[in-house]
Structure formats: structure tokens, C-alpha cells
Protein chains: 2
Amino acid sequence: MLTIGQVATYLGVTVRAIRHYHQRGLLPEPERDASGYRRYGADAVVTLVRIKAMSDAGVPLARIDELMAASPEQFATSVAAIDTDLKEQISDLKRRRRRIAELSAGDRLFLPEEVVALLDRVREIGLSQEAVRTERDTWILLVAQYPDQVPGWAAEKLAMLEDVAFQRLYLTADQAAGWSRDDPRLEALADEVNSFGGLRAPDTDGKKPILALDALVAVTIMAAQSGKPVPALERLVELCRLRAKPN
Amino acid sequence: MLTIGQVATYLGVTVRAIRHYHQRGLLPEPERDASGYRRYGADAVVTLVRIKAMSDAGVPLARIDELMAASPEQFATSVAAIDTDLKEQISDLKRRRRRIAELSAGDRLFLPEEVVALLDRVREIGLSQEAVRTERDTWILLVAQYPDQVPGWAAEKLAMLEDVAFQRLYLTADQAAGWSRDDPRLEALADEVNSFGGLRAPDTDGKKPILALDALVAVTIMAAQSGKPVPALERLVELCRLRAKPN
DNA sequence: CTTGACCATGACCCTGCGTCAGGGTTCGAC
DNA sequence: GTCGAACCCTGACGCAGGGTCATGGTCAAG
């Protein structure tokens with residue numbers, strides 16, 4: 001008659017696991033000796049071997065007791081179901097691996113390649129690190145809501161950045177974040193923004209493309225909402241809107 | 001300012017998950033409004049998008065906070081580690097699928113094919129269902145301790161069963177389980193067993209092959225240990241041992 | 001008689017949330 | 001102004017499959 005520890009080392013399972021099986025009702029409690037120790041016979045060992053085999057094969061404990069008492073047909077059916085389950089889990093993990101690969105490939109995070117290219121470009125141009133982060137965060141928000149349109153929008157914006165004048169404008173707007181709310185340069189800047197088509201916030205006209213300095217709008221919105229308002233940019237947005245609707 | 005439910009539906013996660021991220025410290029608790037509701041700004045949404053992206057990619061929550069604040073090199077290293085992890089999990093699941101396949105293929109359970117063949121054979125020969133189960137259980141025990149030797153042993157025993165005399169002996173021993181302890185036929189049976197080389201229990205000489213009627217020994221041992229002793233077979237084993245060591 | 005290796009039970013820990021339970025809040029409709 | 005539906009809050013238990021104490025009894029050897 002074996003003790004629990006002996007059975008465990010014999011079969012290569014832990015003592016805790018065996019007690020767990022008892023608790024789950026998978027393995028009947030054996031008789032106890034005078035001191036209360038569990039004493040196992042060969043039948044218990046056999047049952048345990050079967051449990052271990054199933055469990056190693058990935059059968060969830062809950063189904064093992066079904067299987068132990070199943071007829072050959074039930075057995076086959078259940079095994080097939082479990083196998084299907086495992087197949088699903090595998091393809092799930094594979095999907096995850098693909099996503100992981102995208103994460104590490106997309107240098108900075110879960111954005112479509114067009115956006116990544118755009119971010120690289122604005123960094124190249126000399127945009128401040130903060131502004132780049134804001135640009136990124138804006139795109140993240142956009143992706144969450146318009147995943148299909150985003151690549152197109154990003155490509156469009158990237159194309160606009162070929163224009164040196166637009167680049168200058170973009171950089172100046174970035175600088176403007178440090179200006180005060182009544183800085184006179186804001187007026188000139190607003191004029192320039194308008195010459196590029198003005199501001200268009202994504203929520204202004206639903207699902208239409210965002211162009212130009214929408215990120216600017218986003219900056220002000222996001223800053224305001226996260227508790228760090230940027231007065232100069234707020235004012236700039238105001239000025240641009242005034243020019244856009246002069247009536 | 002968004003409520004937790006709005007953020008959740010916007011991003012396609014559950015409210016519970018968001019609260020869970022707060023609890024795990026992945027997502028900082030946002031400010032509350034007058035009634036104690038959480039109010040989320042765009043920054044929180046961005047953080048959540050990043051968390052969701054990592055989590056969807058299979059990054060464990062515990063590592064997400066590392067990654068969120070990691071430098072590009074750390075990021076790459078960690079991502080590689082996680083990918084390795086996923087690969088392992090996948091091959092693990094594949095291994096399980098193979099085991100599952102073996103389970104269902106080996107009709108009656110997790111035994112090497114040689115043993116399955118042997119079991120089929122003894123069933124064919126006409127061994128009682130009980131005896132077949134005992135035979136199976138014995139092999140299960142043997143596999144647990146001598147997984148490498150078992151296929152050889154089973155093949156050897158299967159070969160012996162070609163001999164019709166041996167078959168008869170086997171069947172008679174099966175019948176003997178129903179005899180009384182002092183049945184005179186036991187003597188003759190013991191003689192016959194000896195003419196086939198006698199009994200050899202696996203524990204008798206360590207790792208040497210088991211032959212002939214070891215299952216008989218196993219029957220008595222197992223029966224005794226699981227509380228249902230078989231007196232006639234116990235006696236038979238005794239007799240065989242007497243003949244094996246006549247001094 | 002003590003020491004170290006076992007055994008017992010019970011209870012808390014992990015992951016990633018789901019799902020009550022037992023409240024309070026807000027909003028639109030009447 | 002009040003009703004109900006739909007939110008929100010915290011706290012706690014649940015799952016699989018055990019790991020890991022904590023606390024105390026048992027056993028064999030020296």
C-alpha cells in the first residue's frame with residue numbers, strides 16, 4: 001500500500017495534483033490508515049495513470065470524468081470535440097503571433113504602415129517629440145473608430161507633406177504651442193492654415209477625409225480633455241474657424 | 001468626457017475589463033465626476049487602445065506595463081520573448097493534439113500499439129472481460145514505470161500466444177479465479193505454468209522482461225490491494241513459486 | 001528524544017476577466 | 001414630480017490547475 005507521496009513520485013505528478021483530483025471527484029478517496037494517511041492500491045494508480053494521460057493530452061479535468069465512464073462511441077465523439085477545441089486554441093495563438101509580429105514590425109505600435117510612414121516623415125521634418133506623440137495618439141484614436149479609412153487619410157496627408165510650404169506651416173504650428181494666447185503671430189498663422197484648406201475635424205463632417213492640420217484640432221481637444229490645455233492652439237483654432245465662416 | 005461604458009463600447013472591450021486594468025495598475029484611474037463616476041479623456045482612450053492591442057496580441061497583462069514604458073530595444077527584446085513563449089505554447093498544444101489522436105486511435109487508451117494488439121489478441125482468444133481489464137490495468141502500471149521496455153515485452157508475449165498450448169493455459173488460469181483455494185486442479189495448473197518458464201514478477205528481477213503469466217501475479221497483487229483478494233490465484237502463485245525454488 | 005522527512009487540512013495566490021449582489025445616478029417619458 | 005430603464009459604483013466569488021505557505025500530527029533513524 002502506497003502513500004500519496006510514493007504514488008506521486010511513481011507517476012511523476014505532484015502530491016497537490018492528486019489531492020486536487022480527489023477534490024474534483026475524479027479520483028475516489030482511498031482508505032486511510034490508522035493515522036489518517038491515504039493508502040493507495042494498484043487500482044487507484046491505474047485510475048491516476050488514465051487521468052494523467054488525458055490531462056497531458058489536454059483534456060480539461062471537467063471532461064475527464066465523463067470520458068472515464070464513456071462508451072467507445074461517446075469517447076470518440078468527446079475526443080473529437082476536444083481535438084477541435086485544441087485546434088481552435090492553436091489557430092488563436094497563431095493569430096496572436098501574427099499580431100505580435102506586426103507590433104514589433106510597426107516600430108511604434110499597432111498602426112497601419114501608412115501612419116507609421118507618416119510619423120517617420122514628420123519626425124524627419126523636425127517636429128518636436130511631443131508633437132509627434134500627439135500626432136501618433138490622434139491616429140490611434142482615429143484607427144479605433146475608422147480603421148478602414150485611416151490608411152487613405154494618412155497617405156493623403158503624407159503626400160501633402162511633400163510641399164515645403166506645408167512643412168513649414170506644420171512646424172510653425174508646432175512652435176505655436178509655446179506661444180501665449182494673444183500672440184500676434186497667431187493671426188498670420190491662421191491665414192496660412194486657411195490657404196491650405198482650413199481645419200477639418202473628424203467629427204465635423206462624419207466620415208470624410210481629414211486633411212491639413214486636423215491634428216491641431218486634435219491637439220487642443222486632447223490636451224483639454226487630459227487636463228493640460230494649450231491656450232495658444234485653442235486660440236488658433238478659433239481664428240481659423242472665424243476665417244472659414246466669415247458670415 | 002466619456003463614461004466607462006462609452007469608452008468600452010467605443011473600443012470594443014467590456015466595462016469589467018477596463019476596471020480590471022485599473023485594478024492591475026495598467027490604466028491610471030481617471031478623475032471622477034460629482035457622483036463618483038469615472039470620466040475618461042482622450043489620453044485614457046489612447047492608453048486603452050495600446051493595452052488592447054498588446055493584449056489581443058497575447059501579451060500577458062503583467063508584461064504590458066513593462067512594454068508601455070519600454071525603450072525601443074527593450075520593447076524588441078520583450079516582444080521576442082513573448083513570441084518565443086507563444087511558440088512554445090503552440091507546440092505544446094500540438095503535442096497535446098498528437099496525444100489526443102493516440103488516445104482515440106489506441107481504441108482502449110494510452111497504451112503503446114503492441115499492448116493494444118496484445119489486448120485485442122487475448123480478447124479474441126476468449127479471455128473473460130474481467131481478465132482483459134486486469135491485463136490492461138497491469139500494462140498501464142508497467143508503462144508508468146518501464147515505458148521503454150513495455151513494447152518489447154508486449155511483443156514477446158504476443159508471440160507466445162501463437163502457441164495453442166499457451167493459449168489454453170492462459171484461459172485455464174482465467175477460469176481458476178473462480179475456483180476455491182484448495183481446488184486440486186491448481187496443482188496441475190502450476191505444473192503447466194512451470195513448463196512455460198514459470199512466473200516472473202517485474203519486481204523480482206528489476207528490469208528484465210516479464211514473460212508468461214506475470215499478469216497472474218499482477219492479478220493477485222492488484223486484487224489484494226484493491227480489497228478484493230482472489231484466493232485461488234494466490235494459492236496458484238504460491239504453488240508456482242514452490243516449484244521454481246524446490247530447495 | 002530529537003531531527004528530518006512525510007502526511008493531514010485549510011486557505012490564499014496566479015490569469016483574465018464573467019457574473020452576481022446590493023446599492024446610487026441619470027435620463028427621457030409621462 | 002415621479003417612474004422605469006439603463007447606467008454607474010464597490011466588493012466578492014467563480015473558472016482551471018494547481019503552487020505555496022501555515023500549522024500540526026506521524027514515522028523512521030540515530
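All heavy atoms count here, side chains included; hydrogens, waters and symmetry mates do not. Throughout, protein chains are lettered first and strands after them, A, B, ... in sequence-line order, and every chain is numbered starting at 1.
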J.: Ignoring hydrogens and angles, does a donor from either the side chain of B/Arg16 or the base of C/dT19 sit under 3.5 Å from an acceptor on the other?
T.: yes
J.: Hey, which sits more toward the 5' end of DNA chain C by its nearest nucleotide, B/Arg39 or A/Gln6?
T.: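 The 5'-side residue here is A/Gln6.
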J.: In terms of side-chain heavy atoms of A/Pro60, which of D/dG17, C/dC17, C/dG16 is nearest?
T.: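 Of D/dG17, C/dC17, C/dG16, D/dG17 is nearest to the side chain of A/Pro60.
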J.: Any chance you could measure A/Arg95, atom CZ, to A/Asp92, atom CG, to the nearest 0.5 Å?
T.: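 One gets 4.5 Å once the value is rounded to the nearest 0.5 Å.
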J.: Does B/Arg19 put a side-chain nitrogen or oxygen below 4.0 Å from OP1 or OP2 of C/dC17?
T.: no
J.: Quick check: closest heavy atoms across B/Leu11 and B/Val45, and the distance to 0.1 Å?
T.: CD1-O, 4.0 Å
J.: Closest approach to the side chain of B/Thr14, judged atom by atom: which nucleotide of C/dG18, D/dG18, D/dC27 is it?
T.: C/dG18
J.: Please determine if a side-chain N or O atom of B/Arg32 lies less than 4.0 Å away from the OP1 or OP2 oxygen of C/dG24.
T.: no
J.: C/dC17, D/dG17, D/dC8: which one has an atom nearest the side-chain heavy atoms of B/Tyr37?
T.: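 Per side-chain heavy atoms of B/Tyr37, the pick is D/dC8.
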J.: Quick one: which of C/dC6, D/dC8, C/dG16 gets closest to the side chain of B/Thr3?
T.: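 Nearest listed nucleotide: D/dC8.
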J.: I'd like to know whether CD of B/Gln6 has more than 12 heavy-atom contacts from other residues, nucleotides or ligands below 6.0 angstrom.
T.: yes
J.: Atom CG of B/Asp33 to atom P of C/dG24: distance rounded to whole Å?
T.: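 Interatomic distance, CG of B/Asp33 to P of C/dG24: 17 Å.
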J.: Send over the distance from A/Leu86 CG to D/dA16 C1', rounded to a whole Å.
T.: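 It is 15 Å, rounded to the nearest whole Å.
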J.: In whole Å, I'd like the distance from the CD1 atom of A/Ile51 to the C1' atom of D/dG18.
T.: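 Taking atom C1' of D/dG18 as the reference, CD1 of A/Ile51 is at 14 Å.
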J.: Can you tell which of D/dG18, C/dC7, D/dT26 lies closest to the side chain of A/Ser35?
T.: D/dT26
J.: Could you state the CD-P distance from B/Gln23 to C/dC17, rounded to the nearest angstrom?
T.: 13 Å
J.: What's the CD1-C1' distance between A/Ile18 and D/dG17, to the nearest Å?
T.: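 Computing the A/Ile18:CD1 to D/dG17:C1' distance gives 14 Å.
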J.: Between B/Val59 and B/Ala34, which is nearer to the 5' end of DNA chain C once each is assigned its nearest nucleotide?
T.: B/Val59
J.: Could you tell me the separation between the OH atom of B/Tyr40 and the C1' atom of D/dC7, rounded to a whole number of Å?
T.: 14 Å
J.: Rounding to an integer number of Å, can you tell me how far A/Asp92 CG sits from C/dG16 P?
T.: 14 Å
J.: Is the closest basic N to carboxylate O distance between A/Asp56 and B/Arg96 below 4.0 Å?
T.: no
J.: May I ask you to evaluate whether A/Arg24 reaches the phosphate of D/dA16, defined as a side-chain N or O under 4.0 Å from OP1 or OP2?
T.: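 Answer is yes, contact under 4.0 Å.
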J.: Roughly, in whole Å, what's the span from CG in B/Asp85 to P in C/dT15?
T.: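 Distance, rounded to whole Å: 14 Å.
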J.: I'd like to know if the side chain of A/Glu88 and the backbone of A/Asp85 have a donor-acceptor N/O pair within less than 3.5 Å.
T.: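 Answer holds: no.
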J.: Would you mind telling me which of D/dC8, D/dG17, D/dG18 lies closest to the side-chain atoms of A/Ala17?
T.: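 For the A/Ala17 side chain, the nearest candidate turns out to be D/dG18.
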